[in-house]
Novice: 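There's a structure below that I have some questions on.
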Amino acid sequence: MRLGMKIPSMLKDNDIDVMDVADELTGVLTPPLQKFQSSTILKLILGFCWYLLHLVVSIVHMASCLNQLLLSCIISTGLLSKYQNLQLDNLKCLAIVVDSEEARDTTKIKQLLCWLSSINIQHITLYDMQGVLKKAIANDLKSLTSMTVRPCSDDDAQTISSQFKMDKMTIEILSFSDGKEGIGKAASFLCSKYIRGDFVSCNRSEPTFEESEVTSALKAIGYGGPEPELLLVYGPARCHLGFPAWRLRYTEIVHMGSLRSMNYGAVVKAIYDFSKKHQNYGK
Amino acid sequence: MDGNRRYAKRRNMKKGSEHSAGYTALITMLQYCYEMGVKYVTVYAFSIDNFKRKPEEVESLMNLMKVKIDELLENKSIVHKFELKINFWGNLDLLTEPVRLAMEKTMASTTNNSGPVLSICVAYTSTDEITRAISKTRARNKEKIPQACINCDGDLLGKSINSSISISIVDLEESLDTANCPDPEIVIRTSGETRLSNFLDYSEPFAKSKPAVA
């Protein structure tokens, strides 16, 4: 493609030679120039498409959040009858995982417990990684409820889990020490028990444990407990933050967002959605 | 990897082809991951709970696994393209011998590869992994205890036995299948379900989980 130039019809020979050279130069330089212009335009178009895609995704996400919020508000008002009579046959234990920073807001935690009590949840397991709930909530609950402390209570009261009975609801409070540390202690318990047993019988067979033995060991040392069917996560990230792995096998995990923005309708919806779930358990 | 049967049902696919389709999708995803620079990918291929399925489906899955594992060692496969190191995690003794041998061969032939790491969980559950780790730790600790024995009359010979063993979390984690890989940062479940189903429960306290519809 030649650069736009109109050549007058009446030219002398010298002028035509010059024009030939100019044309040749133009022919040599044009392809790289064209390529440069094409690639720049292509980059601009691709960049525009990328930002457009981001914008579309952000709008869809915002619309989805607004929809969820609106639905939660409507559920809270009690206008939707299907959310009023929740089927709790499959929900024996509900777990709440809270980010430790947000767990310091004990007012919100107590409000959440009241909501769950009104929905007739029978067993609640509260968890935060750093044990903030054990320190902050446990003392308040002690005065309101009858407290039972699990065996092996030679540990500091702030680090062991505690169970509280509130009317028909049992509240259990856990922290990171009930997770990996609990499994470590169960391992020590099992190994100690069977090492002694091996020497007494001169048994030299290859030592292997069964999962049921680990479960029994956890219960024996006070780290047993029900496996929650549903786990609600309050915090900035959708992760379980070290909730005891042995109790998390088939638990439905729902991220509820920040504790600050929690609302009753969202809790009811999470429980309602859970009641409609079906699990094959591997089959 | 989840949802193969539901995917095939929605698309009226031929029975028996659902898991092959799942494998194809897996290879595509792995390609994307490695091109993006992801260093460690772990996939949940077969749970111990899946042995509860119909015997013909389990057998079909085992046969498919054997065929696809053998394909991985071919020159044009993704393993050679990215120099993958492959691990198989799980209770491999529960598998049929041909499958287990194929897995051991694959692990042995890729052990020195310097590229990304692909860990495939087969006959795996997190609770079984923890249980086996406790057993391995127990075996290691048993060797450290001074030799002593009981004679036929039941009398203790030799030194008195210290029957109290203390196992640290570090000891235990060294015996896990996942010992040589870092904890994952993201967990994706392809069917849209929002539970872990006994997958890496111990190793992913901070992993962001994301349900994705296939």
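As a basis for the values below, the full set of heavy atoms in this structure was taken, side chains included, without hydrogen atoms, waters or symmetry mates. Since we're looking at a predicted model, the values are computed, not measured. Chain identifiers are assigned alphabetically (A, B, ...) following the order of the sequence lines, protein sequences preceding nucleic acid strands; residue numbering begins at 1 within each chain.
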Novice: Rounded at 0.5 Å granularity, tell me how far CG in A/Leu190 sits from OG1 in B/Thr131.
Specialist: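 Going from CG on A/Leu190 over to OG1 on B/Thr131, the span is 9.0 Å.
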Novice: Please classify the contact between A/Glu210 and chain B as side chain, backbone, both or neither, with a heavy-atom cut-off of under 4.5 Å.
Specialist: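 Looking at A/Glu210, just its backbone touches chain B.
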Novice: By the definition side-chain contact (heavy atoms from CB on, under 4.5 Å), identify the one residue from B/Ile167, B/Leu172, B/Thr127 that meets it with A/Ile183.
Specialist: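 Single side-chain contact (heavy atoms from CB on, under 4.5 Å) partner of A/Ile183 among B/Ile167, B/Leu172, B/Thr127: B/Leu172.
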Novice: More than 12 heavy atoms of other residues, nucleotides or ligands under 6.0 Å from CG of B/Asn63: is that the case?
Specialist: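 Yes.
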Novice: Could you check whether atom NZ of A/Lys92 has more than 12 heavy atoms from other residues, nucleotides or ligands sitting under 6.0 Å from it?
Specialist: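 Enclosed: over 12 neighbouring heavy atoms sit under 6.0 Å from NZ of A/Lys92.
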Novice: Tell me whether the count of non-hydrogen atoms from other residues, nucleotides or ligands lying under 6.0 Å of CD in B/Glu56 goes above 12.
Specialist: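 Count over threshold, so yes.
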Novice: Pick whichever of A/Trp246, A/Phe189, A/Tyr281 has the most heavy-atom pairs under 4.5 Å with chain B.
Specialist: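 Option with the greatest count: A/Trp246.
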Novice: Would you say the side-chain atoms of B/Arg53 pair up with the backbone N or O of A/Gly282, donor to acceptor, closer than 3.5 Å?
Specialist: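 Yes, because the side chain of B/Arg53 sits within donor-acceptor range (under 3.5 Å) of the backbone of A/Gly282.
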Novice: Taking NZ in A/Lys277 as the centre, count heavy atoms belonging to other residues, nucleotides or ligands within less than 6.0 Å. Is the count above 12?
Specialist: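 Count over threshold, so yes.
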Novice: Would you mind telling me which of A/Cys191, A/Ser188, A/Ser192 makes a side-chain contact (heavy atoms from CB on, under 4.5 Å) with B/Arg138?
Specialist: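 Among A/Cys191, A/Ser188, A/Ser192, the one meeting side-chain contact (heavy atoms from CB on, under 4.5 Å) with B/Arg138 is A/Cys191.
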Novice: With rounding to the nearest 0.5 Å, note down the distance linking CD in A/Glu211 to CD1 in B/Ile130.
Specialist: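 Nearest 0.5 Å value for the CD-CD1 distance: 8.5 Å.
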Novice: Could you tell me the separation between the OG1 atom of A/Thr208 and the CZ atom of B/Arg132, rounded to the nearest 0.5 Å?
Specialist: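 Result: 11.5 Å between the selected atoms.
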Novice: How many angstroms lie between atom OG of B/Ser166 and atom NZ of A/Lys185, to the nearest 0.5 angstrom?
Specialist: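 If I round to the nearest 0.5 Å, the distance is 10.0 Å.
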Novice: Could you tell me whether B/Lys105 atom NZ has more than 12 heavy atoms of other residues or ligands within 6.0 Å of it?
Specialist: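 Atom NZ in B/Lys105 is not crowded, with 12 or fewer foreign heavy atoms closer than 6.0 Å.
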Novice: Apply side chain to side chain contact (heavy atoms under 4.5 Å, CB included) to the pair B/Glu193 and A/Gln279, showing each step before the final yes or no.
Specialist: CA-CA 10 Å; B/Glu193 300 293 342; A/Gln279 282 203 35; over 6 Å; no
Novice: Can you tell me how far the NE2 atom of A/His240 sits from the CG atom of B/Leu196, to the nearest 0.5 Å?
Specialist: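 Between A/His240 NE2 and B/Leu196 CG, I get 5.5 Å after rounding to 0.5 Å.
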Novice: Pick out which of A/Arg249, A/Glu229, A/Glu252 makes a side-chain contact (heavy atoms from CB on, under 4.5 Å) with B/Arg195.
Specialist: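 Going through the options one by one, the only one that passes is A/Glu252.
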Novice: Is chain A contacted by the side chain of B/Glu57, its backbone, both, or neither, given a heavy-atom distance below 4.5 Å?
Specialist: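 It is neither, since no heavy atom gets under 4.5 Å.
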Novice: Is a side-chain N or O of B/Ser135 found less than 3.5 angstrom from the main chain of A/Phe209, in a donor-acceptor match?
Specialist: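 Looks like yes, one N/O pair under 3.5 Å.
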